[in-house]
Amino acid sequence: MLKKIPYGLSDFKRVKTENWYYIDKTRFIEEIEDEQSFLFFLRPRRFGKSLTLAMLSAYYDIYYKDEFEEIFKDTYILEHQTPLKSSFYILKFDFSGVDITDYQESFKNDLLMECNNFKRRYKLDISLENKSPIDDLKTIFSYCRDNALALYILIDEYDNFVNKLLVSDINDYKRLITDKNAFYKEFFTLLKVGTSGNDSAIKKMFFTGVSPLALYDVTSGSNIGKNISLQKNFNDMVGITKSELNALISYYNLKDIQEDIIKRCDDWYDSYRFHKDIEQSVYNSDMILYYIDHLIRTQQEPDQLIDVNVRTDYSKLKFLVYTNKKLNGNFNLLSRLIQDEKVTITNIKDSFSAFEMLEVENFSSLLFSLGFITIEKYRTSVNLKIPNQTIKKIVADFIYSAYKDINFNLRLDTFNNFLADFGYDKSLEVFRYLNEEVKAQSSIRDYIDGENFIKGFLSAYLSLNPYYEVKTEVEVTKGFVDILLNPSMVEIPYGGVIELKYIPKSKYTEKLRDEKREEAKKQLNRYDVTTIPALRNKPFVKIVLVYCGWEMVVCEEV
């Protein structure tokens, strides 16, 4: 009987004992033990962090000592056990369920619940008052110290509700990290105290999260653990490697379509690198399991290639792209990224504040933490890029939301209907519609004047559609395609190749317009798009677009 795909399942014990497919990551337990005692590990959402924490819990928890061999059957670590296995009392927290509508009370209740679970789980004779979680935690720490019980603290999604506060109301975030009696701040202070001194209660800690913002701001930049997120040896502790994907394909007898699966997954779910010297990138775990699970169940790929669980409402982070009610340099950086440009910074920072996001390296480092961008290559600086089509569409949605906030209100459903008409009938009305909306709504014009802004504007809106993969500056014979529309749905008959030309308003003449049109036509006629890897085997419509300032003055098929 084939094992089930553990899509959305983060209970390690269930995965290992109830016939679910498991990609063995237990070799990293040795790596973790070789590190310092208090560790901090960041990855974007839906990468498998919770399953990793559950693996550590099952391995180190004295509670599972009698079930150890059953749980870890057929894993690397069963044959390479360490002296610390099954030797800790585990106090585990998961902050993903904290309700931000009353975050102080919800956070307190979450801590109290885990304190009581700890007491019941190990049948300990501890008197807990169930009023102040800080007092109850102090009681637990004292009891463990006095009775020589080694305590391992695990925290999953340490920054989840704090990030929600950040995107919903930055003033709530400020209060959370600055108020003297803020329980979140007091909690991390207590953990730091619990690790100090002789015979301290807390022997080990391991936290997971998405970004370092909360811990930096709460501890004034003085982290209570070592951040191992950017270390080479932990690059693929979560995520799925190419060899692991091939093994998955082989196990589920999908070899007949292996090449198609790899191409699709490379375009939509791959290219994450978390260290500058890593050659082999990793896939997002959730996305791969979502895709493979759908293939197995329905014998065809999902209509929606983006799993709804991967989408995150980062669009509410609007304070990051505004200064004095105007779109700022952070927004310009996103516009460059959506055109597949590379962003170059000196290094990726793993410690910075939410209040310093106008600095390019900080904002870029945050985008890296969120999974919006990844390492392309490194020489003396780090080149960062959008990793795949899934993230490109999420970034496009971010840009779309920012444009809406400056009162550019495009009917996206109408736009996508026109784009579908292009895909089926080669209609160019989609470009004319967009131009007419810009004409009618003056709020947008200041932001799309200039060749790069025009290209970024087009790339963002085209990327929001469900019909095409959007690629820019794609290398072909004798040049680079400005914008390529590669059908992502089998039923779409036509792809698109767009050559974009720009004329500054001060230099516009009809003669120059016609020269630009002819130049674009010659380039398009030279391009052979059949040389581009992973293209659908379909005819591609070649389109010339010429802009003067923000206004389109040529729109025609070659």
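Numbers here are sequence positions counted from 1.
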Problem - Plane angle bin for Tyr403 and Phe408 - parallel if under 30°, tilted between 30 and 60°, otherwise perpendicular - result: perpendicular

Problem - Steps toward ring pair (Phe, Tyr, Trp, His ring centres under 6.0 Å) verdict (Tyr269, Tyr290) - result: CA-CA 11 Å; Tyr269 312 133; Tyr290 163 78; 7.4 Å; no

Practice task
Say whether, by atom type as modelled, one donor and one acceptor occur between the side chain of Lys49 and the main chain of Arg43 under 3.5 angstrom.
Solution key: yes

Handout entry: Ionic contact status for Glu469 with Arg264, cut-off 4.0 Å
Key = yes

Practice task
Go through Asp482 and Leu545 one step at a time and tell me if the side chain to side chain contact (heavy atoms under 4.5 Å, CB included) criterion holds.
Solution key: CA-CA 10 Å; Asp482 281 337; Leu545 299 179; over 6 Å; no

Fill in the blank from the handout: Contacts of Asn233 meeting side-chain hydrogen bond (donor to acceptor under 3.5 Å, both in side chains) (sequence neighbours excluded), chain-then-number -> Glu31, Gln231

Handout entry: Side chain Tyr322, main chain Ala402, donor-acceptor under 3.5 Å
Key = yes

Practice task
Taking Tyr21 for its side chain and Pro6 for its backbone only, find out whether a donor-acceptor pair lies under 3.5 Å.
Solution key: no

Handout entry: Heavy-atom side-chain contact between Arg513 and Lys501 under 4.5 Å
Key = no

Completion exercise
The reported gap from CG in Leu230 to NZ in Lys349 (rounded to nearest 0.5 angstrom) is 13.0 Å

Exercise for the section: Using side-chain hydrogen bond (donor to acceptor under 3.5 Å, both in side chains) as the criterion, list what pairs up with Ser281, not counting sequence neighbours. Expected result: Asp270

Exercise for the section: To the nearest 0.5 Å, tell me how far Ile262 CD1 sits from Ile249 CD1. Expected result: 4.0 Å

Problem - Within 6.0 Å of CD in Glu491, more than 12 heavy atoms from elsewhere - result: yes

Problem - Residues Glu361 and Thr346: side-chain donor-acceptor under 3.5 angstrom - result: yes

Exercise for the section: Could you tell me whether a side-chain N or O of Ser443 sits under 3.5 Å from a main-chain N or O of Ile406, the two making a donor and an acceptor? Expected result: yes

Completion exercise
Closest non-hydrogen atoms of Ser381 and Thr344, given as atom of the first, atom of the second and distance, are CB-CG2, 3.5 Å

Exercise for the section: Please round to the nearest 0.5 Å and tell me the distance separating atom CG of Leu51 and atom OG1 of Thr208. Expected result: 11.5 Å

Practice task
Measure centre to centre between the rings of Phe47 and Phe274, then say whether the value is under 6.0 Å.
Solution key: yes

Handout entry: Lys16/Tyr22 under side chain to side chain contact (heavy atoms under 4.5 Å, CB included): CA gap, chis, key distance, verdict
Key = CA-CA 7 Å; Lys16 290 297 289 111; Tyr22 176 64; 3.7 Å; yes

Practice task
Kindly say whether Asn486 contributes a backbone atom to a donor-acceptor pair with the side chain of Lys538 at under 3.5 angstrom?
Solution key: no

Problem - Side chain proximity check, Phe368 to Ile375, heavy atoms < 4.5 angstrom - result: yes

Exercise for the section: Answer yes or no: is there a side-chain heavy-atom contact under 4.5 Å between Asn388 and Tyr283? Expected result: no

Practice task
Verify, without hydrogens or angle tests, whether Asn330 (side chain) and Met357 (backbone) share a donor-acceptor contact under 3.5 angstrom.
Solution key: yes

Handout entry: Exceeds 12 heavy-atom contacts within 6.0 angstrom, atom NZ of Lys3
Key = yes

Practice task
For residues Leu213 and Asp159, determine if any side-chain heavy atom of one lies less than 4.5 Å from a side-chain heavy atom of the other.
Solution key: no

Completion exercise
Residues pairing under side chain to side chain donor-acceptor pair (under 3.5 Å) where one sits in residues 429-442, two or more places apart or in two chains, turn out to be Glu437-Gln441, Lys439-Glu551

Exercise for the section: Look only at the side chain of Gln299 and the backbone of Ile296, and say whether a donor-acceptor pair between them is shorter than 3.5 Å. Expected result: yes

Practice task
Kindly compute the distance separating CG (Leu464) from NZ (Lys393), expressed to the nearest 0.5 Å.
Solution key: 7.5 Å

Completion exercise
The reported gap from CG in Leu165 to CZ in Phe161 (rounded to nearest 0.5 angstrom) is 6.5 Å

Atom pairs and distances, side-chain donor-acceptor, residues 446-459, under 3.5 Å, sequence neighbours left out:
{"unit_1": "Asp449", "atom_1": "OD1", "unit_2": "Tyr502", "atom_2": "OH", "d": "2.9"}
{"unit_1": "Lys455", "atom_1": "NZ", "unit_2": "Glu473", "atom_2": "OE2", "d": "2.4"}
{"unit_1": "Ser459", "atom_1": "OG", "unit_2": "Lys455", "atom_2": "O", "d": "2.8"}

Fill in the blank from the handout: Sorted by chain and residue number, the side-chain hydrogen bond (donor to acceptor under 3.5 Å, both in side chains) partners of Arg517 (sequence neighbours excluded) come out as Asp514, Glu556

Fill in the blank from the handout: Rounded to the nearest 0.5 Å, the CD atom of Glu359 sits from the CG atom of Leu366 at a distance of 13.0 Å

Handout entry: Neighbour count above 12 (heavy atom, 6.0 Å) for Phe415 CZ
Key = yes

Handout entry: Whether over 12 other heavy atoms sit under 6.0 Å from Gln280 CD
Key = yes

Practice task
Verify whether one side chain among Lys4 and Asn19 offers a donor that lies under 3.5 Å from an acceptor in the other.
Solution key: no

Handout entry: With sequence neighbours excluded, residues passing side chain to side chain contact (heavy atoms under 4.5 Å, CB included) with Val558
Key = Lys521, Leu524, Asn525, Lys542, Val544

Exercise for the section: Could you tell me whether the side chain of Arg273 and the main chain of Ile278 form a donor-acceptor pair under 3.5 Å? Expected result: yes

Practice task
Give a yes or no on whether the ring-centroid distance for Phe422 and Tyr467 is below 6.0 angstrom.
Solution key: no

Completion exercise
Residue set satisfying salt bridge (charged side-chain N to carboxylate O under 4.0 Å, His left out) with Arg445, at least two apart, ordered chain then number -> none

Handout entry: Under the side chain to side chain contact (heavy atoms under 4.5 Å, CB included) test, residues paired with Asp528 that sit two or more places apart
Key = Thr477, Thr530, Thr531

Practice task
List in chain and number order the residues that pass side chain to side chain contact (heavy atoms under 4.5 Å, CB included) with Asp94, two or more places apart in sequence or in another chain; answer none if no residue qualifies.
Solution key: Ser96, Asp156, Glu157

Problem - Arg27, CZ: over 12 other non-hydrogen atoms inside 6.0 angstrom - result: yes

Practice task
Please name all residues satisfying side-chain hydrogen bond (donor to acceptor under 3.5 Å, both in side chains) with Thr101, sequence neighbours left out, ordered by chain then number.
Solution key: Asp99

Handout entry: Partners passing side chain to side chain contact (heavy atoms under 4.5 Å, CB included) against Asp293 (at least two apart in sequence or in another chain)
Key = Ile5, Arg297

Handout entry: Set of residues satisfying salt bridge (charged side-chain N to carboxylate O under 4.0 Å, His left out) with respect to Lys392, sequence neighbours excluded
Key = Asp340

Exercise for the section: Mark yes or no for whether Lys505, through its side chain, and Cys548, through its backbone, hold a donor-acceptor pair below 3.5 Å. Expected result: no

Handout entry: Intermediate values then yes/no, salt bridge (charged side-chain N to carboxylate O under 4.0 Å, His left out), Lys242 and Asp266
Key = CA-CA 9 Å; Lys242 181 81 74 167; Asp266 284 353; 3.0 Å; yes

Practice task
Step by step, work out the salt bridge (charged side-chain N to carboxylate O under 4.0 Å, His left out) result for Arg526 and Glu499.
Solution key: CA-CA 12 Å; Arg526 288 200 310 266; Glu499 186 65 26; over 6 Å; no

Exercise for the section: Kindly say whether Val470 contributes a backbone atom to a donor-acceptor pair with the side chain of Gln389 at under 3.5 angstrom? Expected result: yes

Practice task
Report, as yes or no, whether the 6.0 Å neighbourhood of atom CG on Asp413 holds more than 12 heavy atoms from other residues, nucleotides or ligands.
Solution key: yes

